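Here's the structure we're looking at; comments come further down.
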Amino acid sequence: METESEPYVRLASLRQLHQAMADMNKARSLADTLQAVADGVVQALGYELACVNLVRPDGDLVVAAFAGNQAAEALITGRAGSRESWDRRLNMGEQWGDLIFIPHTEGWILDDDDVPQWYTDGPAPRFEDEWHPSDRLFAPMYAPGPQGEGNNGELVGVLSVDRPRNGRRPGAWGREALQMYAFQAAIAISNARLRSNMQRALVRLERDQQALRASEESFRQAFEYAPSGMAIAEMGGDQHGRILRTNDALCRLLGRPASAMRRYAFSDLVHPEDIGTLLRTSAEGGRAELRLGRRDGTHVWVSLRNSVVADAADGPRFLLTHVEDIEERKRRELQLAHRASHDSLTGLPNSAELRSRLAARLCQRPQSSQAAVADAMDAAYGHPAVFDSGGHTFDFGAAVEPYGGFDHHVHAIAPEGGRDDGAKGLAVLFCDLDGFKSINDRFGHNAGDTVLIEVARRLSQGVRDGDTVARLGGDEFVILANGLGRADAQDLAVRLRNEIIQPIRAEGRAVRVGASFGIGWAHCGMTADEVLKSADERMYVEKRSRPKQHRRAG
(Lines give C-alpha, C1' and ligand atoms only; values in the text may rest on other atoms or scores of the structure.)
Protein backbone atom coordinates (compact mmCIF):
# COMPACT_ATOMS: atom_id res chain seq x y z
CA MET A 1 0.00 0.00 0.00
CA GLU A 2 2.80 2.44 0.79
CA THR A 3 4.14 2.28 -2.77
CA GLU A 4 1.11 4.34 -3.75
CA SER A 5 0.83 8.09 -3.36
CA GLU A 6 -2.07 10.37 -2.67
CA PRO A 7 -4.45 11.23 -4.16
CA TYR A 8 -4.28 8.17 -6.41
CA VAL A 9 -4.62 5.20 -4.06
CA ARG A 10 -5.55 2.03 -5.91
CA LEU A 11 -9.07 0.79 -5.33
CA ALA A 12 -7.62 -2.70 -4.92
CA SER A 13 -5.62 -1.49 -1.90
CA LEU A 14 -8.71 0.04 -0.34
CA ARG A 15 -10.56 -3.21 -0.90
CA GLN A 16 -7.77 -5.12 0.86
CA LEU A 17 -7.95 -2.75 3.81
CA HIS A 18 -11.74 -2.99 3.90
CA GLN A 19 -11.57 -6.80 3.72
CA ALA A 20 -9.05 -6.93 6.59
CA MET A 21 -11.37 -4.82 8.75
CA ALA A 22 -14.33 -7.01 7.77
CA ASP A 23 -12.42 -10.18 8.68
CA MET A 24 -11.53 -8.98 12.15
CA ASN A 25 -15.14 -7.92 12.82
CA LYS A 26 -16.69 -11.20 11.68
CA ALA A 27 -14.40 -13.42 13.79
CA ARG A 28 -16.41 -15.71 16.06
CA SER A 29 -14.16 -15.51 19.15
CA LEU A 30 -11.69 -13.16 20.84
CA ALA A 31 -8.75 -15.36 19.83
CA ASP A 32 -9.89 -15.36 16.18
CA THR A 33 -10.37 -11.58 16.33
CA LEU A 34 -6.84 -11.02 17.65
CA GLN A 35 -5.31 -13.24 14.97
CA ALA A 36 -7.40 -11.52 12.28
CA VAL A 37 -6.06 -8.16 13.50
CA ALA A 38 -2.44 -9.35 13.14
CA ASP A 39 -3.09 -11.02 9.76
CA GLY A 40 -4.78 -7.89 8.44
CA VAL A 41 -1.67 -5.76 9.03
CA VAL A 42 0.43 -8.16 6.91
CA GLN A 43 -2.19 -8.66 4.19
CA ALA A 44 -3.46 -5.10 3.76
CA LEU A 45 -1.01 -2.57 5.21
CA GLY A 46 2.23 -3.64 3.58
CA TYR A 47 4.26 -4.91 6.58
CA GLU A 48 5.97 -8.29 6.82
CA LEU A 49 5.55 -8.70 10.59
CA ALA A 50 2.77 -7.75 13.01
CA CYS A 51 2.23 -8.46 16.69
CA VAL A 52 -0.84 -7.85 18.90
CA ASN A 53 0.11 -7.07 22.52
CA LEU A 54 -3.10 -7.37 24.57
CA VAL A 55 -3.63 -5.67 27.95
CA ARG A 56 -4.32 -8.30 30.63
CA PRO A 57 -6.54 -7.71 33.69
CA ASP A 58 -3.38 -7.12 35.80
CA GLY A 59 -2.27 -4.32 33.44
CA ASP A 60 0.66 -6.11 31.80
CA LEU A 61 0.63 -6.76 28.05
CA VAL A 62 0.84 -10.28 26.64
CA VAL A 63 1.72 -11.23 23.05
CA ALA A 64 -1.68 -12.60 22.04
CA ALA A 65 -1.26 -12.93 18.26
CA PHE A 66 1.54 -12.78 15.69
CA ALA A 67 1.67 -12.82 11.89
CA GLY A 68 4.40 -12.94 9.27
CA ASN A 69 7.10 -15.24 10.72
CA GLN A 70 6.50 -18.63 12.35
CA ALA A 71 9.88 -18.69 14.10
CA ALA A 72 9.30 -15.30 15.73
CA GLU A 73 5.73 -16.33 16.58
CA ALA A 74 6.94 -19.46 18.40
CA LEU A 75 9.57 -17.39 20.21
CA ILE A 76 7.42 -14.66 21.75
CA THR A 77 3.72 -15.65 21.62
CA GLY A 78 2.34 -15.93 25.15
CA ARG A 79 5.16 -13.93 26.72
CA ALA A 80 4.28 -10.80 28.68
CA GLY A 81 5.88 -7.40 29.17
CA SER A 82 5.24 -5.16 32.19
CA ARG A 83 2.96 -2.15 31.89
CA GLU A 84 5.80 0.02 33.21
CA SER A 85 8.05 -0.97 30.28
CA TRP A 86 5.28 -0.41 27.78
CA ASP A 87 4.44 3.01 29.22
CA ARG A 88 8.08 3.93 28.81
CA ARG A 89 7.99 2.97 25.11
CA LEU A 90 4.76 4.83 24.45
CA ASN A 91 6.15 8.01 25.99
CA MET A 92 9.37 8.21 24.02
CA GLY A 93 10.34 8.39 20.37
CA GLU A 94 8.55 10.38 17.69
CA GLN A 95 4.80 11.07 17.74
CA TRP A 96 3.25 10.27 14.35
CA GLY A 97 -0.29 11.28 15.20
CA ASP A 98 -1.44 8.44 17.47
CA LEU A 99 1.52 6.28 16.40
CA ILE A 100 4.84 5.99 18.21
CA PHE A 101 8.02 5.61 16.15
CA ILE A 102 11.32 4.83 17.90
CA PRO A 103 14.24 4.99 15.46
CA HIS A 104 17.14 2.57 15.72
CA THR A 105 19.36 5.39 16.99
CA GLU A 106 17.26 5.58 20.18
CA GLY A 107 15.94 2.03 20.55
CA TRP A 108 19.12 0.60 22.03
CA ILE A 109 18.06 1.75 25.51
CA LEU A 110 15.09 -0.65 25.30
CA ASP A 111 17.12 -3.77 24.52
CA ASP A 112 17.26 -4.92 28.13
CA ASP A 113 13.65 -4.30 29.25
CA ASP A 114 11.17 -7.18 29.66
CA VAL A 115 9.03 -6.52 26.55
CA PRO A 116 9.20 -9.51 24.16
CA GLN A 117 10.77 -8.48 20.85
CA TRP A 118 12.39 -9.84 17.69
CA TYR A 119 14.38 -6.85 16.45
CA THR A 120 17.81 -7.40 14.88
CA ASP A 121 20.69 -5.14 13.97
CA GLY A 122 21.74 -4.10 10.50
CA PRO A 123 23.78 -1.62 8.45
CA ALA A 124 23.12 2.11 8.63
CA PRO A 125 20.31 3.34 6.32
CA ARG A 126 21.44 4.31 2.83
CA PHE A 127 18.91 7.13 2.54
CA GLU A 128 16.87 9.26 4.92
CA ASP A 129 13.60 7.30 5.12
CA GLU A 130 15.00 3.76 4.73
CA TRP A 131 13.65 1.33 7.33
CA HIS A 132 16.29 -0.05 9.71
CA PRO A 133 15.89 -3.56 11.24
CA SER A 134 15.97 -2.00 14.74
CA ASP A 135 13.33 0.66 14.01
CA ARG A 136 10.15 0.25 16.12
CA LEU A 137 6.66 1.38 15.19
CA PHE A 138 3.75 1.03 17.64
CA ALA A 139 0.02 1.70 17.15
CA PRO A 140 -1.79 1.93 20.51
CA MET A 141 -5.37 0.60 20.48
CA TYR A 142 -7.87 2.41 22.71
CA ALA A 143 -11.44 1.44 23.48
CA PRO A 144 -13.96 4.02 22.19
CA GLY A 145 -14.29 6.89 24.66
CA PRO A 146 -17.50 8.47 25.97
CA GLN A 147 -20.03 9.34 23.22
CA GLY A 148 -17.80 7.80 20.56
CA GLU A 149 -14.94 10.28 21.00
CA GLY A 150 -12.36 7.94 19.47
CA ASN A 151 -9.03 7.08 21.13
CA ASN A 152 -9.87 8.62 24.51
CA GLY A 153 -10.82 5.40 26.35
CA GLU A 154 -8.65 2.89 28.16
CA LEU A 155 -5.76 1.11 26.44
CA VAL A 156 -6.86 -2.23 24.94
CA GLY A 157 -3.49 -3.21 23.51
CA VAL A 158 -0.65 -2.19 21.21
CA LEU A 159 0.05 -3.19 17.59
CA SER A 160 3.76 -3.64 16.82
CA VAL A 161 4.64 -3.62 13.10
CA ASP A 162 7.96 -4.17 11.34
CA ARG A 163 9.61 -4.51 7.92
CA PRO A 164 7.59 -2.43 5.45
CA ARG A 165 7.66 -4.30 2.16
CA ASN A 166 8.92 -1.27 0.27
CA GLY A 167 11.80 -0.86 2.74
CA ARG A 168 10.80 2.69 3.67
CA ARG A 169 9.29 4.37 6.69
CA PRO A 170 5.56 4.86 6.09
CA GLY A 171 4.47 8.19 4.64
CA ALA A 172 1.34 10.22 5.42
CA TRP A 173 -1.08 7.75 3.79
CA GLY A 174 0.54 4.71 5.39
CA ARG A 175 0.49 6.31 8.84
CA GLU A 176 -3.15 7.34 8.55
CA ALA A 177 -4.13 3.87 7.32
CA LEU A 178 -2.35 2.24 10.29
CA GLN A 179 -4.03 4.66 12.74
CA MET A 180 -7.45 3.96 11.27
CA TYR A 181 -6.80 0.23 11.34
CA ALA A 182 -5.72 0.35 15.01
CA PHE A 183 -8.90 2.29 15.89
CA GLN A 184 -11.11 -0.29 14.15
CA ALA A 185 -9.12 -3.14 15.72
CA ALA A 186 -9.79 -1.73 19.20
CA ILE A 187 -13.52 -1.66 18.47
CA ALA A 188 -13.43 -5.24 17.14
CA ILE A 189 -11.57 -6.49 20.23
CA SER A 190 -13.90 -4.65 22.60
CA ASN A 191 -16.96 -6.00 20.78
CA ALA A 192 -15.52 -9.53 20.79
CA ARG A 193 -15.09 -9.33 24.55
CA LEU A 194 -18.59 -7.94 25.02
CA ARG A 195 -20.11 -10.59 22.75
CA SER A 196 -18.26 -13.35 24.56
CA ASN A 197 -19.41 -12.09 27.95
CA MET A 198 -23.02 -11.84 26.76
CA GLN A 199 -23.00 -15.34 25.31
CA ARG A 200 -21.70 -16.79 28.57
CA ALA A 201 -24.27 -14.84 30.54
CA LEU A 202 -27.15 -16.06 28.36
CA VAL A 203 -26.05 -19.69 28.61
CA ARG A 204 -25.97 -19.44 32.39
CA LEU A 205 -29.45 -17.89 32.36
CA GLU A 206 -30.87 -20.87 30.46
CA ARG A 207 -29.15 -23.53 32.56
CA ASP A 208 -30.26 -22.50 36.01
CA GLN A 209 -33.26 -20.49 37.16
CA GLN A 210 -31.45 -19.27 40.21
CA ALA A 211 -28.48 -18.15 38.10
CA LEU A 212 -31.01 -16.45 35.82
CA ARG A 213 -32.31 -14.26 38.66
CA ALA A 214 -28.78 -13.48 39.89
CA SER A 215 -27.50 -12.53 36.44
CA GLU A 216 -30.56 -10.70 35.10
CA GLU A 217 -29.60 -7.26 36.40
CA SER A 218 -26.04 -7.52 35.09
CA PHE A 219 -27.23 -8.57 31.65
CA ARG A 220 -29.97 -5.94 31.61
CA GLN A 221 -27.49 -3.16 32.22
CA ALA A 222 -25.06 -4.48 29.61
CA PHE A 223 -27.92 -4.75 27.11
CA GLU A 224 -29.78 -1.53 27.87
CA TYR A 225 -26.77 0.74 28.21
CA ALA A 226 -24.65 -0.64 25.39
CA PRO A 227 -23.46 2.28 23.21
CA SER A 228 -24.63 0.50 20.05
CA GLY A 229 -27.93 -1.16 19.21
CA MET A 230 -28.91 -4.50 20.68
CA ALA A 231 -31.92 -6.74 20.07
CA ILE A 232 -33.18 -10.20 20.96
CA ALA A 233 -35.23 -12.02 18.33
CA GLU A 234 -36.99 -15.37 18.10
CA MET A 235 -35.24 -18.17 16.24
CA GLY A 236 -37.08 -20.89 14.35
CA GLY A 237 -40.76 -21.52 13.78
CA ASP A 238 -43.35 -19.22 12.22
CA GLN A 239 -42.13 -16.26 14.28
CA HIS A 240 -38.48 -16.59 13.26
CA GLY A 241 -36.76 -13.22 13.41
CA ARG A 242 -39.55 -11.45 15.33
CA ILE A 243 -38.04 -8.84 17.64
CA LEU A 244 -38.69 -9.50 21.32
CA ARG A 245 -36.57 -6.84 22.96
CA THR A 246 -34.50 -3.81 21.95
CA ASN A 247 -32.31 -1.29 23.73
CA ASP A 248 -32.53 2.50 23.63
CA ALA A 249 -29.56 2.83 21.28
CA LEU A 250 -31.30 0.77 18.56
CA CYS A 251 -34.60 2.63 19.02
CA ARG A 252 -32.81 5.97 18.63
CA LEU A 253 -30.89 4.74 15.61
CA LEU A 254 -34.09 3.72 13.77
CA GLY A 255 -36.33 6.46 15.20
CA ARG A 256 -38.86 3.89 16.44
CA PRO A 257 -40.19 3.36 19.99
CA ALA A 258 -39.58 0.03 21.69
CA SER A 259 -43.30 -0.82 21.62
CA ALA A 260 -43.38 -0.39 17.85
CA MET A 261 -40.17 -2.39 17.36
CA ARG A 262 -41.87 -5.47 18.87
CA ARG A 263 -44.34 -5.48 15.98
CA TYR A 264 -41.55 -6.12 13.47
CA ALA A 265 -39.14 -8.80 12.41
CA PHE A 266 -35.75 -7.74 11.04
CA SER A 267 -36.95 -8.84 7.59
CA ASP A 268 -39.61 -6.11 7.78
CA LEU A 269 -36.98 -3.43 8.41
CA VAL A 270 -34.17 -4.43 6.08
CA HIS A 271 -33.70 -2.83 2.64
CA PRO A 272 -35.23 -5.06 -0.08
CA GLU A 273 -31.84 -5.49 -1.78
CA ASP A 274 -30.33 -6.83 1.47
CA ILE A 275 -32.94 -9.52 2.27
CA GLY A 276 -30.68 -12.32 1.02
CA THR A 277 -27.82 -11.12 3.19
CA LEU A 278 -30.09 -11.01 6.25
CA LEU A 279 -31.44 -14.52 5.68
CA ARG A 280 -27.94 -16.00 5.35
CA THR A 281 -26.82 -14.24 8.52
CA SER A 282 -29.83 -15.09 10.68
CA ALA A 283 -29.89 -18.72 9.56
CA GLU A 284 -26.39 -19.47 10.81
CA GLY A 285 -25.54 -16.66 13.18
CA GLY A 286 -22.78 -14.36 12.01
CA ARG A 287 -22.06 -10.87 10.74
CA ALA A 288 -23.31 -8.78 7.84
CA GLU A 289 -23.37 -5.19 6.68
CA LEU A 290 -26.79 -4.11 5.44
CA ARG A 291 -29.35 -1.29 5.49
CA LEU A 292 -32.20 -0.95 8.00
CA GLY A 293 -35.20 1.30 7.50
CA ARG A 294 -35.82 4.31 9.71
CA ARG A 295 -39.25 5.59 10.67
CA ASP A 296 -38.87 8.55 8.26
CA GLY A 297 -38.45 6.20 5.27
CA THR A 298 -34.67 6.54 4.93
CA HIS A 299 -32.19 3.71 5.41
CA VAL A 300 -29.02 3.55 7.51
CA TRP A 301 -26.02 1.26 6.98
CA VAL A 302 -25.38 -0.99 10.00
CA SER A 303 -23.05 -3.80 10.95
CA LEU A 304 -25.34 -6.56 12.20
CA ARG A 305 -23.88 -9.44 14.18
CA ASN A 306 -25.94 -12.39 15.36
CA SER A 307 -25.10 -14.75 18.19
CA VAL A 308 -27.22 -17.87 18.61
CA VAL A 309 -28.41 -18.43 22.18
CA ALA A 310 -28.91 -22.17 22.54
CA ASP A 311 -30.64 -24.34 25.11
CA ALA A 312 -28.86 -27.57 26.01
CA ALA A 313 -32.07 -29.58 25.62
CA ASP A 314 -34.09 -27.75 22.97
CA GLY A 315 -31.30 -26.40 20.72
CA PRO A 316 -31.21 -22.83 19.37
CA ARG A 317 -33.76 -20.55 21.00
CA PHE A 318 -32.93 -16.88 20.36
CA LEU A 319 -30.78 -14.58 18.29
CA LEU A 320 -28.82 -11.91 20.16
CA THR A 321 -28.26 -9.18 17.57
CA HIS A 322 -25.69 -6.39 17.86
CA VAL A 323 -26.43 -3.46 15.53
CA GLU A 324 -23.67 -0.89 15.00
CA ASP A 325 -24.15 2.32 13.01
CA ILE A 326 -21.55 2.36 10.17
CA GLU A 327 -23.21 5.04 8.01
CA GLU A 328 -20.33 7.47 8.42
CA ARG A 329 -17.69 4.84 7.69
CA LYS A 330 -19.54 3.72 4.57
CA ARG A 331 -19.77 7.31 3.38
CA ARG A 332 -16.06 7.88 4.00
CA GLU A 333 -15.14 4.68 2.17
CA LEU A 334 -17.24 5.63 -0.84
CA GLN A 335 -15.90 9.19 -0.87
CA LEU A 336 -12.30 8.01 -0.54
CA ALA A 337 -12.73 5.43 -3.30
CA HIS A 338 -14.42 8.00 -5.55
CA ARG A 339 -11.73 10.65 -4.96
CA ALA A 340 -9.01 8.14 -5.72
CA SER A 341 -10.52 7.09 -9.05
CA HIS A 342 -12.44 10.10 -10.40
CA ASP A 343 -11.68 13.60 -11.65
CA SER A 344 -12.81 16.23 -9.14
CA LEU A 345 -14.02 18.72 -11.79
CA THR A 346 -16.00 16.56 -14.21
CA GLY A 347 -16.75 13.49 -12.09
CA LEU A 348 -15.38 11.24 -14.84
CA PRO A 349 -12.93 8.39 -14.17
CA ASN A 350 -9.43 9.86 -13.92
CA SER A 351 -6.18 8.81 -15.57
CA ALA A 352 -5.38 6.15 -12.96
CA GLU A 353 -8.85 4.60 -13.17
CA LEU A 354 -8.73 4.68 -16.98
CA ARG A 355 -5.42 2.82 -17.04
CA SER A 356 -6.74 0.34 -14.49
CA ARG A 357 -9.85 -0.43 -16.55
CA LEU A 358 -7.82 -0.69 -19.74
CA ALA A 359 -5.13 -2.87 -18.18
CA ALA A 360 -7.81 -5.21 -16.80
CA ARG A 361 -8.77 -6.04 -20.38
CA LEU A 362 -5.23 -6.83 -21.50
CA CYS A 363 -2.89 -9.72 -20.76
CA GLN A 364 0.86 -9.56 -21.30
CA ARG A 365 2.49 -12.12 -23.58
CA PRO A 366 6.06 -13.30 -22.82
CA GLN A 367 8.88 -11.06 -24.10
CA SER A 368 11.60 -12.35 -26.40
CA SER A 369 13.94 -12.98 -23.48
CA GLN A 370 11.30 -15.17 -21.85
CA ALA A 371 10.80 -17.01 -25.11
CA ALA A 372 14.55 -17.73 -25.24
CA VAL A 373 14.47 -19.12 -21.69
CA ALA A 374 11.43 -21.22 -22.57
CA ASP A 375 13.29 -22.70 -25.55
CA ALA A 376 16.30 -23.48 -23.36
CA MET A 377 14.15 -25.18 -20.72
CA ASP A 378 12.38 -27.17 -23.40
CA ALA A 379 15.71 -28.37 -24.75
CA ALA A 380 17.09 -29.24 -21.30
CA TYR A 381 14.03 -30.83 -19.66
CA GLY A 382 11.67 -31.68 -22.45
CA HIS A 383 9.01 -29.30 -21.10
CA PRO A 384 8.44 -25.59 -21.75
CA ALA A 385 8.87 -23.06 -18.97
CA VAL A 386 5.81 -21.24 -17.68
CA PHE A 387 6.18 -17.62 -16.58
CA ASP A 388 4.23 -15.53 -14.13
CA SER A 389 3.29 -11.89 -14.84
CA GLY A 390 6.63 -10.74 -13.43
CA GLY A 391 8.64 -12.86 -15.86
CA HIS A 392 9.75 -15.54 -13.35
CA THR A 393 9.52 -19.25 -14.15
CA PHE A 394 7.28 -21.16 -11.78
CA ASP A 395 6.30 -24.49 -13.37
CA PHE A 396 7.09 -27.01 -16.09
CA GLY A 397 4.83 -29.30 -18.02
CA ALA A 398 2.01 -29.40 -20.49
CA ALA A 399 -0.68 -27.79 -18.33
CA VAL A 400 0.08 -24.17 -19.22
CA GLU A 401 -2.10 -21.41 -17.75
CA PRO A 402 -2.94 -18.40 -19.93
CA TYR A 403 -0.26 -15.71 -20.00
CA GLY A 404 -0.22 -13.31 -17.05
CA GLY A 405 -2.52 -15.49 -14.94
CA PHE A 406 -5.69 -14.57 -16.93
CA ASP A 407 -7.85 -17.66 -16.34
CA HIS A 408 -10.67 -17.88 -18.94
CA HIS A 409 -9.53 -14.49 -20.29
CA VAL A 410 -11.19 -13.23 -23.50
CA HIS A 411 -8.35 -11.77 -25.53
CA ALA A 412 -8.80 -8.22 -26.79
CA ILE A 413 -8.13 -8.07 -30.53
CA ALA A 414 -8.01 -5.23 -33.06
CA PRO A 415 -9.51 -5.14 -36.58
CA GLU A 416 -6.76 -5.91 -39.09
CA GLY A 417 -5.68 -3.70 -41.99
CA GLY A 418 -6.93 -0.30 -43.06
CA ARG A 419 -10.41 -1.43 -44.14
CA ASP A 420 -13.38 -2.60 -42.15
CA ASP A 421 -13.30 -6.41 -42.32
CA GLY A 422 -16.18 -6.91 -39.89
CA ALA A 423 -13.94 -7.64 -36.90
CA LYS A 424 -14.93 -6.11 -33.59
CA GLY A 425 -12.50 -4.88 -30.98
CA LEU A 426 -11.88 -2.54 -28.06
CA ALA A 427 -11.70 0.95 -29.56
CA VAL A 428 -9.80 3.68 -27.72
CA LEU A 429 -10.81 7.18 -28.81
CA PHE A 430 -8.37 9.90 -27.76
CA CYS A 431 -10.09 13.31 -27.79
CA ASP A 432 -8.28 16.64 -27.63
CA LEU A 433 -10.27 19.90 -27.64
CA ASP A 434 -9.45 22.51 -30.29
CA GLY A 435 -9.58 26.17 -29.31
CA PHE A 436 -9.87 25.49 -25.58
CA LYS A 437 -6.76 27.46 -24.64
CA SER A 438 -8.13 30.63 -26.23
CA ILE A 439 -11.28 30.36 -24.08
CA ASN A 440 -9.16 30.16 -20.93
CA ASP A 441 -7.04 33.08 -22.09
CA ARG A 442 -9.95 35.32 -23.14
CA PHE A 443 -12.65 34.51 -20.59
CA GLY A 444 -10.82 32.99 -17.61
CA HIS A 445 -10.51 29.57 -16.02
CA ASN A 446 -14.08 29.55 -14.70
CA ALA A 447 -15.31 29.62 -18.28
CA GLY A 448 -12.80 26.91 -19.17
CA ASP A 449 -14.03 24.71 -16.30
CA THR A 450 -17.63 25.19 -17.48
CA VAL A 451 -16.63 24.05 -20.97
CA LEU A 452 -14.85 20.94 -19.63
CA ILE A 453 -17.84 19.99 -17.50
CA GLU A 454 -20.24 20.37 -20.43
CA VAL A 455 -17.96 18.44 -22.81
CA ALA A 456 -17.75 15.63 -20.24
CA ARG A 457 -21.55 15.55 -20.03
CA ARG A 458 -21.97 15.44 -23.82
CA LEU A 459 -19.39 12.69 -24.20
CA SER A 460 -21.06 10.63 -21.46
CA GLN A 461 -24.48 11.00 -23.09
CA GLY A 462 -23.09 10.14 -26.51
CA VAL A 463 -21.73 6.69 -25.65
CA ARG A 464 -23.41 3.41 -24.79
CA ASP A 465 -24.04 2.01 -21.32
CA GLY A 466 -20.90 0.12 -20.35
CA ASP A 467 -18.52 2.34 -22.31
CA THR A 468 -15.99 4.39 -20.34
CA VAL A 469 -15.49 8.14 -20.70
CA ALA A 470 -12.45 9.39 -18.75
CA ARG A 471 -10.63 12.68 -18.39
CA LEU A 472 -6.94 12.08 -18.97
CA GLY A 473 -5.98 15.59 -17.90
CA GLY A 474 -6.32 19.18 -19.12
CA ASP A 475 -8.57 19.19 -22.18
CA GLU A 476 -7.87 15.55 -23.10
CA PHE A 477 -10.52 12.84 -22.82
CA VAL A 478 -10.47 9.13 -23.64
CA ILE A 479 -13.38 6.84 -24.55
CA LEU A 480 -13.17 3.04 -24.23
CA ALA A 481 -15.82 1.36 -26.39
CA ASN A 482 -15.84 -2.41 -26.72
CA GLY A 483 -17.26 -4.43 -29.59
CA LEU A 484 -16.78 -1.86 -32.37
CA GLY A 485 -15.55 -2.25 -35.91
CA ARG A 486 -13.50 0.41 -37.69
CA ALA A 487 -16.56 2.02 -39.28
CA ASP A 488 -18.43 1.95 -35.95
CA ALA A 489 -15.54 3.71 -34.20
CA GLN A 490 -15.27 6.35 -36.92
CA ASP A 491 -19.04 6.97 -36.77
CA LEU A 492 -18.81 7.34 -32.99
CA ALA A 493 -16.00 9.89 -33.30
CA VAL A 494 -18.01 11.93 -35.83
CA ARG A 495 -21.13 11.91 -33.63
CA LEU A 496 -19.18 12.96 -30.55
CA ARG A 497 -17.37 15.74 -32.47
CA ASN A 498 -20.73 17.06 -33.74
CA GLU A 499 -22.04 17.13 -30.16
CA ILE A 500 -18.99 18.94 -28.84
CA ILE A 501 -19.00 21.73 -31.43
CA GLN A 502 -22.48 22.89 -30.42
CA PRO A 503 -22.41 26.25 -28.52
CA ILE A 504 -21.72 26.11 -24.78
CA ARG A 505 -23.01 28.74 -22.36
CA ALA A 506 -20.12 29.91 -20.16
CA GLU A 507 -19.84 33.10 -18.07
CA GLY A 508 -22.90 34.62 -19.74
CA ARG A 509 -21.76 34.05 -23.33
CA ALA A 510 -21.88 31.32 -25.95
CA VAL A 511 -18.51 29.77 -26.79
CA ARG A 512 -17.49 26.89 -29.00
CA VAL A 513 -14.70 24.37 -29.09
CA GLY A 514 -13.81 21.77 -31.64
CA ALA A 515 -12.41 18.31 -31.10
CA SER A 516 -9.79 16.10 -32.71
CA PHE A 517 -10.15 12.33 -32.31
CA GLY A 518 -7.56 9.63 -32.68
CA ILE A 519 -8.76 6.02 -32.78
CA GLY A 520 -6.49 3.35 -31.39
CA TRP A 521 -7.18 -0.33 -30.82
CA ALA A 522 -6.35 -2.28 -27.68
CA HIS A 523 -5.18 -5.85 -28.00
CA CYS A 524 -3.47 -8.30 -25.69
CA GLY A 525 0.28 -8.00 -25.65
CA MET A 526 0.13 -4.20 -25.35
CA THR A 527 0.32 -2.20 -22.15
CA ALA A 528 -2.27 0.41 -21.28
CA ASP A 529 0.29 3.17 -21.91
CA GLU A 530 1.11 1.74 -25.34
CA VAL A 531 -2.57 1.71 -26.29
CA LEU A 532 -3.07 5.31 -25.14
CA LYS A 533 0.10 6.45 -26.90
CA SER A 534 -1.08 4.86 -30.15
CA ALA A 535 -4.46 6.65 -29.96
CA ASP A 536 -2.73 9.91 -29.00
CA GLU A 537 -0.43 9.74 -32.01
CA ARG A 538 -3.38 9.10 -34.33
CA MET A 539 -5.16 12.09 -32.81
CA TYR A 540 -2.25 14.38 -33.64
CA VAL A 541 -2.12 13.01 -37.17
CA GLU A 542 -5.83 13.79 -37.53
CA LYS A 543 -5.38 17.27 -36.00
CA ARG A 544 -2.50 18.17 -38.37
CA SER A 545 -4.37 16.88 -41.40
CA ARG A 546 -7.19 19.44 -40.97
CA PRO A 547 -6.75 23.14 -41.72
CA LYS A 548 -6.53 25.24 -38.59
CA GLN A 549 -9.68 27.19 -39.41
CA HIS A 550 -11.66 23.92 -39.64
CA ARG A 551 -10.60 22.51 -36.29
CA ARG A 552 -13.51 24.11 -34.49
CA ALA A 553 -16.82 25.48 -35.57
CA GLY A 554 -17.42 29.23 -34.94
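Because the structure is a prediction, the values reported are computed rather than measured.
Side-chain contact between V115 and R89 is present, with at least one heavy-atom pair separated by less than 4.5 Å. Between V52 and M141 the shortest side-chain heavy-atom distance falls below 4.5 Å. Between N191 and E324, the closest side-chain pair of non-hydrogen atoms falls below 4.5 Å. In this structure, S307 and L319 have side chains that are not in contact, with every pair of non-hydrogen atoms separated by 4.5 Å or more. Considering only heavy atoms from C-beta on, L137 stays 4.5 Å or farther from S160 through its side chain. Annotation: side chain of M230 is not in contact with side chain of R245 (no heavy-atom distance under 4.5 Å).
A salt bridge is absent between E499 and R495: the closest approach of a Lys/Arg side-chain nitrogen to an acidic carboxylate oxygen does not fall below 4.0 angstrom. Classification of E289 and R305 as a salt-bridged pair fails, no side-chain N sitting under 4.0 Å from a carboxylate O. Ionic pairing of R169 and D129 is not present here: no N-O contact between side-chain nitrogen and carboxylate oxygen is shorter than 4.0 angstrom.
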Point to revise | Verdict with reasoning, D87 to E84, per side chain to side chain contact (heavy atoms under 4.5 Å, CB included) | key: CA-CA 5 Å; D87 286 342; E84 179 181 1; 5.8 Å; no

Review point. Do V455 and I504 pass the side chain to side chain contact (heavy atoms under 4.5 Å, CB included) test, and can you show the C-alpha distance, the side-chain angles, and the key distance before you say yes or no?
Key: CA-CA 9 Å; V455 168; I504 298 173; 4.2 Å; yes

**Study point:** side chain to side chain contact (heavy atoms under 4.5 Å, CB included) between I76 and R79, intermediate numbers included
**Key:** CA-CA 6 Å; I76 68 173; R79 294 175 56 190; 3.9 Å; yes

Review point. Do F266 and T321 pass the side chain to side chain contact (heavy atoms under 4.5 Å, CB included) test, and can you show the C-alpha distance, the side-chain angles, and the key distance before you say yes or no?
Key: CA-CA 10 Å; F266 273 109; T321 303; 4.0 Å; yes

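Heavy atoms only, all atoms of each residue included: D60 and S82 are closest at OD1-CA, 3.4 Å. Between L61 and N53, the shortest heavy-atom contact is CD2-O, 3.8 Å.
Among pairs with a residue in residues 78-98, those fulfilling ring pair (Phe, Tyr, Trp, His ring centres under 6.0 Å) read W86-F138, W96-F101, at least two apart in sequence or across chains.
How far CG of L433 is from CD1 of I500: 6.0 Å, rounded to the nearest 0.5 Å. Distance check: R458 CZ to F477 CZ gives 11.5 Å after rounding to the nearest 0.5 Å.
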Side-chain atoms of residues 253-260: list all donor-acceptor pairs with protein atoms under 3.5 Å, sequence neighbours left out, distances to 0.1 Å.
| unit_1 | atom_1 | unit_2 | atom_2 | d |
| --- | --- | --- | --- | --- |
| R256 | NE | G293 | O | 3.4 |
| R256 | NH1 | Y264 | OH | 3.3 |
| R256 | NH2 | G293 | O | 3.3 |
| R256 | NH2 | R294 | O | 3.1 |

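No donor-acceptor pair under 3.5 Å is formed between the side chain of D23 and the backbone N or O of A36.
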